[in-house]
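Structure first, then comments.
Computed over heavy atoms, backbone and side chain alike; hydrogens, waters and symmetry mates excluded. Quantities reported herein were computed from a predicted structural model and do not represent experimental measurements. Order of the sequence lines sets the chain letters (A, B, ...), proteins ahead of strands, with each chain counted from 1.
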Amino acid sequence: MATEIQTSDPAASAARTTRGTLPVPFQALLFAWISGVIYAAFFVAPPVKGLGPTTKVLYFHVPLFWVGAIALILTGIYSGIYLKTRRIEWDTKAAAAAELGLLFCVLGTMMGSMWARVQWGAWWNWDPKQTSILMLILLYGAYFVLRSSIESRPSRAALGAVYAILAVVAVPLLMRIIPYYLKGLHPNPVVEGTIDPEIRRMLMAAWAGFLGLYVWMFRQRVAVGRFEDQKEGVE
Amino acid sequence: MNGIDPNAIVAGVTFVLWLGIFLYLLRLENKIKDLNR
Amino acid sequence: MKPPEPRTRFTWETDVKRKTKDEVHSASRTPHSALFSKTWAVFRREARTELRSRYALNSIGMFALITLMVVGISSTGANVPHRTHAGLLWLILLFSAMTGLARVFVRETESRTQDALRLTADPTALFFGKALFNAALLLGLQAIVAPLYILMTSLPVRDFVLFLTIQIAGNLGLTVASTILAALVAKAGGRNALFPVLALPILLPLLMALVGGTYAALAPDGKIVAGVGLVPNPIESRQTAWEAGATYVRMAFAFIGMLGPASYLLFDFIWSED
């Protein structure tokens with residue numbers, strides 16, 4: 001695993017010098033993949049009924065949110081693992097997942113807001129999906145406020161973990177309610193992806209690309225975090 | 001400016017943005033490799 | 001499992017070996033039969049302390065009355081939509097609660113009784129006793145604010161059973177979320193201002209359910225027919241209160257059902273934290 005960092009063996013440490021967080025072939029693949037997604041979104045994708053030329057936003061806005069929401073759940077999971085094992089690296093992972101999740105959610109919201117302005121006439125509509133994403137962002141924000149208010153690293157990890165788990169318990173509630181009661185502005189069949197198989201395929205491809213991007217950024221963030229932890233002697 | 005497709009312009013800008021992000025990540029990658037010495 | 005270390009002396013050293021949950025609490029875990037009486041004892045202790053200092057009662061009461069007055073003044077004759085009334089009512093209740101619900105645990109941090117408490121009290125009884133106290137505090141708040149609000153604004157409640165059900169669901173939901181978060185805030189330095197920041201995002205889905213259910217319990221005003229927040233289904237005037245409100249009631253109790261057990265299970269992690 002690229003993120004296992006030991007400090008003892010000099011031979012191993014020489015090998016470590018060259019070890020990054022993602023093998024170069026994967027880096028190249030990621031670059032090509034997302035470039036392909038961009039190209040397809042702008043030049044290949046068929047317009048969705050009723051959305052017309054703004055369709056292309058779909059392929060960025062939706063995957064950003066999916067990854068952002070998954071990141072929150074990951075934060076909860078890593079937090080749970082931390083509480084079980086008490087190994088600080090899992091708290092580092094939880095915080096990293098939360099940071100990236102927040103970033104992805106905020107970017108997705110910005111894109112969605114621009115899309116809403118063009119499509120429905122207002123920057124914000126209190127449509128259910130918009131509202132639930134706002135909740136996610138508030139949860140992330142509260143998580144970071146909590147963490148920043150605790151000095152001791154182990155306490156910060158444990159209490160942050162408890163809050164993250166509470167937040168995740170609240171979030172599936174949101175995610176379950178929305179598909180059942182959604183009748184807002186958000187185009188239902190497009191988001192569910194059941195109408196056009198080609199669109200669904202493209203959406204999945206975009207999603208895979210953004211997931212890959214997230215994974216790489218996550219591993220980088222964790223590597224830096226763990227290095228800092230080791231420097232402070234916490235790990 | 002009449003003949004240039006606005007779609008292509010936005011696509012180009014998006015691609016440049018992506019390029020920028022990717023290069024930034026590459027730079028981070030190198031920094032991390034240096035950290036591990 | 002090795003037996004717990006005998007607690008002959010309590011020291012303030014910060015590098016005390018971390019005790020497992022069992023070591024800290026094994027001497028004070030009680031069988032079920034004694035749990036009720038211990039919980040009640042915790043509750044009575046909270047009530048007694050609170051009646052003596054009246055801190056939470058004062059802050060909650062003052063806040064509630066002031067906001068009630070402002071809402072009352074600004075809405076007479078103003079033809080406020082019923083959905084807005086539902087929102088205002090819960091705004092008053094929620095923010096009044098935020099001023100006082102963290103008290104049950106933050107008080108222990110402030111008066112330094114928490115270490116003694118950790119050694120002697122059964123954490124389960126502690127959790128339920130303090131939760132019970134919060135629920136009682138909220139009940140008092142709701143019993144005063146809700147009728148006053150209805151009177152002040154001449155709110156046409158068409159279904160009191162639904163209205164009360166929503167109030168009960170609100171009480172339970174707020175209690176469940178606030179007790180665990182109060183413990184969290186107390187352990188995180190005991191700063192009261194942290195409590196609303198943590199509580200509000202988690203309470204948002206509950207709040208939507210409460211506002212929606214309250215809206216459904218009011219006579220339709222023909223003004224706004226859209227639903228609330230995550231449940232945008234239109235509330236039509238031909239629907240009965242329960243037809244319109246059942247969704248929201250379900251949402252509220254789903255919230256309680258999920259957060260209740262979660263907070264009970266997570267409490268130990270907070271309580272045994274240094």
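- For B/Leu26 against A/Gln27, the heavy-atom pair with the smallest separation is CD2-OE1, 3.1 Å.
- Every residue meeting the side-chain hydrogen bond (donor to acceptor under 3.5 Å, both in side chains) condition with A/Arg147, not counting sequence neighbours, appears here in chain and number order: A/Asp91, A/Tyr143.
- Proximity to chain B (any heavy atom under 4.5 Å) is shown, for A/Ile34, by both the backbone and the side chain.
- Among the residues in residues 205-216 of chain A, those with a non-hydrogen atom closer than 4.5 angstrom to a non-hydrogen atom of chain B are A/Leu213, A/Trp216.
- Within residues 101-111 of chain A, no residue has any heavy atom under 4.5 Å from a heavy atom of chain B.
- Of the possible donor and acceptor atoms, one in the side chain of A/Gln220 sits under 3.5 Å from a partner among the backbone N and O of B/Leu25.
- For the side-chain hydrogen bond (donor to acceptor under 3.5 Å, both in side chains) condition, the pairs that include at least one residue of residues 9-22 of chain B, sequence neighbours left out, are A/Ser35-B/Trp18.
- Residue B/Leu35 holds its CG atom at 10.5 Å from CD of A/Gln230, rounded to the nearest 0.5 Å.
- The neighbour count for A/Phe26 CZ, taken as heavy atoms of other residues, nucleotides or ligands under 6.0 Å away, does not exceed 12.
- Between A/Thr21 atom OG1 and B/Glu29 atom CD the span is 3.5 Å, to the nearest 0.5 Å.
- The two residues B/Ile32 and A/Ala223 come nearest to each other via the heavy atoms CG2-CB, 4.0 Å.
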| Verdict with reasoning, A/Phe31 to B/Leu19, per side chain to side chain contact (heavy atoms under 4.5 Å, CB included) | CA-CA 8 Å; A/Phe31 182 76; B/Leu19 198 61; 3.3 Å; yes

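- Under a 3.5 Å cut-off, the side chain of B/Asn7 and the backbone N or O of A/Phe42 do form a donor-acceptor pair.
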